[in-house]
Each structure stands twice: as structure tokens, then as C-alpha cells.
Trainee: 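Below: one structure in C-alpha cells.
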Amino acid sequence: MKKLLSLLFALLICACASATPVPVWKGQCIPSVGRIQNSFLTDKEASTEPHFVKARREIAASNDLRLLTIAYLTKYALHTASTGKF
């Protein structure tokens with residue numbers, strides 16, 4: 001009985017060990033959104049558009065509308081915050 005229980009426990013641990021890797025597009029778009037925020041907040045607004053285009057392209061390739069919405073809302077929130085008229 002102890003051997004069977006030990007075997008089942010070992011199989012359970014092995015089954016939980018397989019993690020799915022992070023998709024490539026997610027690894028590339030999340031840093032782009034962070035660079036947009038950093039560039040915009042350090043008064044380098046001209047350099048934010050290429051980062052946004054890259055992030056939008058990567059997110060669009062994944063068809064993740066929730067993440068695309070977050071990217072657009074982040075962009076518009078930064079523009080609103082920079083005007084001071086909110």
C-alpha cells in the first residue's frame with residue numbers, strides 16, 4: 001500500500017511539473033508597452049509611437065483583444081495624464 005501511494009504521489013508531482021512556455025508574442029509585446037510608458041513619462045513622446053506599433057503588431061498576431069484593449073487604454077491614459085485636463 002505504501003509503494004502504491006508513493007508511486008501515485010510521484011506521478012502526481014511529475015504531472016504538475018510540465019508548465020507551458022510563455023508565447024513568443026507575449027514576451028515581445030509586454031516589454032514594448034513598458035517602454036511606451038517609460039518613454040512617455042520621461043518626456044520622449046516622439047519615441048513612443050514605434051514601440052506602440054511594435055506592441056500592437058505582436059498583440060494583433062495573437063488575436064488577444066483583451067491585451068490589445070489594455071495597450072490602447074494605456075496609450076490614451078498616458079496622453080490624458082500628460083495634458084493635465086482630467
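Remember, it's a predicted structure, so these values are computed and weren't measured experimentally. Starting from 1, each residue takes its place in the sequence as its number.
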Trainee: Run the salt-bridge test on Glu49 and Lys75 with the 4.0 Å N-O cut-off and return the result as yes or no.
Mentor: yes
Trainee: Does Leu68 share a hydrophobic cluster with Leu73, counting links as ILVMFWY side-chain heavy atoms below 4.5 Å and allowing steps through other members?
Mentor: no
Trainee: Supply the atom-to-atom distance Ile59 CD1 to Asp64 CG, rounded to the nearest 0.5 angstrom.
Mentor: 7.5 Å
Trainee: Find out if a path of hydrophobic residues (ILVMFWY) with successive side-chain heavy-atom gaps under 4.5 Å connects Leu67 to Tyr76.
Mentor: yes
